[in-house]
Amino acid sequence: MCPMQDDERCLIVAFVTPKPEEFDRVKAILEAIIPEVHNEPGCDFYALHLDSLGRLAFIEAWTTRALWLEHMEAPTVARIREQTSGLLAAETEIFELSARPVGGAKGLVPSTV
């Protein structure tokens, strides 16, 4: 059971590990879908990064966990799964977080809302 409430702001870190020879293709697939996700209800922040291990990492913020769960069932996520099928070296790792702020504004991921 998840200790987060569905009405709580939800932060996500998702690691996508392309096969080395498919890195550019997977990156292009993910980049093409980003503008659509930005328009989904509840999307505060959705950005692609590269980590020190060579994985692609989405850093996301959703106004509520419920809206993030809706995103996970959205056509954009289905397209990501379909278009990257067979191109990944590992299952996508998804970490769901909720803020436990300390230190004022610098203790929170900023909201664009």
Side-chain angles (χ1 to χ4, degrees):
M1 180 170 143
C2 179
M4 291 178 63
Q5 302 296 314
D6 283 350
D7 62 350
E8 191 172 359
R9 189 163 189 240
C10 184
L11 306 175
I12 302 297
V13 179
F15 293 101
V16 179
T17 308
K19 293 177 180 175
E21 67 275 13
E22 300 294 354
F23 182 88
D24 290 337
R25 186 171 169 195
V26 170
K27 182 176 169 275
I29 290 166
L30 300 178
E31 288 175 339
I33 291 174
I34 289 171
E36 291 178 58
V37 175
H38 286 168
N39 290 319
E40 289 181 18
C43 180
D44 250 358
F45 183 84
Y46 189 84
L48 190 61
H49 297 76
L50 178 64
D51 81 358
S52 61
L53 301 176
R55 299 176 296 183
L56 295 164
F58 274 115
I59 310 295
E60 309 174 29
W62 296 84
T63 56
T64 67
R65 180 175 186 267
L67 289 172
W68 173 69
L69 291 171
E70 285 181 26
H71 158 72
M72 291 303 291
E73 301 300 322
T76 49
V77 174
R79 283 202 341 264
I80 288 171
R81 289 181 181 134
E82 289 168 15
Q83 292 178 11
T84 62
S85 178
L87 305 178
L88 303 181
E91 287 285 320
T92 299
E93 296 178 88
I94 300 172
F95 299 91
E96 187 177 345
L97 312 166
S98 63
R100 298 299 178 249
V102 175
K106 289 190 177 185
L108 287 170
V109 172
S111 173
T112 59
V113 178

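Counting begins at 1 with the first residue of the sequence. Being a predicted model, the structure only gives us computed values, none of them experimental.
- In this structure, the side chain of Thr64 engages the main chain of Leu67 through a donor-acceptor pair within 3.5 Å.
- Between Lys19 atom NZ and Arg25 atom CZ the span is 10.0 Å, to the nearest 0.5 Å.
- Here the side chains of Glu40 and Tyr46 are not in contact, with every heavy-atom distance at 4.5 Å or above.
- For the residue pair Arg65 and Gln5, the shortest heavy atom distance occurs at CB-O, 3.6 Å.
- Annotation: the span from Arg55 atom CZ to Thr92 atom OG1 amounts to 10.5 Å, rounded to 0.5 Å.
- Annotation: the span from Leu30 atom CG to Thr84 atom OG1 amounts to 7.0 Å, rounded to 0.5 Å.
- Phe15 and Ile34 fall into different hydrophobic clusters, where Ile, Leu, Val, Met, Phe, Trp and Tyr are joined by side-chain heavy atoms under 4.5 Å apart, directly or via other members.
- To the nearest 0.5 Å, atoms CG (Leu56) and CZ (Phe23) are separated by 4.0 Å.
- Around atom CD of Glu21, more than 12 heavy atoms belonging to other residues, nucleotides or ligands sit under 6.0 Å away.
- Minimum interatomic distance between Pro35 and Asn39 (heavy atoms only, all atoms of both residues): O-ND2, 3.3 Å.
- Separation of atoms CD1 (Ile59) and CG (Leu11) is listed at 9.5 Å; rounding is to 0.5 Å.
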- Task: Run the numbers on Val16 and Val26 for side chain to side chain contact (heavy atoms under 4.5 Å, CB included), then give the verdict.
- Result: CA-CA 9 Å; Val16 179; Val26 170; 4.1 Å; yes

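- Of all the heavy atoms in Ser98 and Glu8, the pair that sits closest is CB-OE2, 3.2 Å.
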- Item | Verdict with supporting geometry, Trp68 and Glu96, side chain to side chain contact (heavy atoms under 4.5 Å, CB included) | CA-CA 10 Å; Trp68 173 69; Glu96 187 177 345; 3.4 Å; yes

- Item | side chain to side chain contact (heavy atoms under 4.5 Å, CB included) between Ile12 and Trp62, intermediate numbers included | CA-CA 8 Å; Ile12 302 297; Trp62 296 84; 4.3 Å; yes

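- Each of Leu48, Val13, Val37 was checked for a side chain to side chain contact (heavy atoms under 4.5 Å, CB included) with Phe58, and the lone residue meeting it is Leu48.
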- Task: Would you please test Leu87 and Ile29 for side chain to side chain contact (heavy atoms under 4.5 Å, CB included) and show each step?
- Result: CA-CA 11 Å; Leu87 305 178; Ile29 290 166; 3.9 Å; yes

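- In this structure, His38 contributes its side chain and Cys43 its backbone to no donor-acceptor pair below 3.5 Å.
- For Arg9 against Ala61, the heavy-atom pair with the smallest separation is NH2-CB, 3.5 Å.
- Residues Ile94 and Leu69 are members of one and the same hydrophobic cluster, defined by side-chain heavy-atom contacts under 4.5 angstrom among Ile, Leu, Val, Met, Phe, Trp and Tyr.
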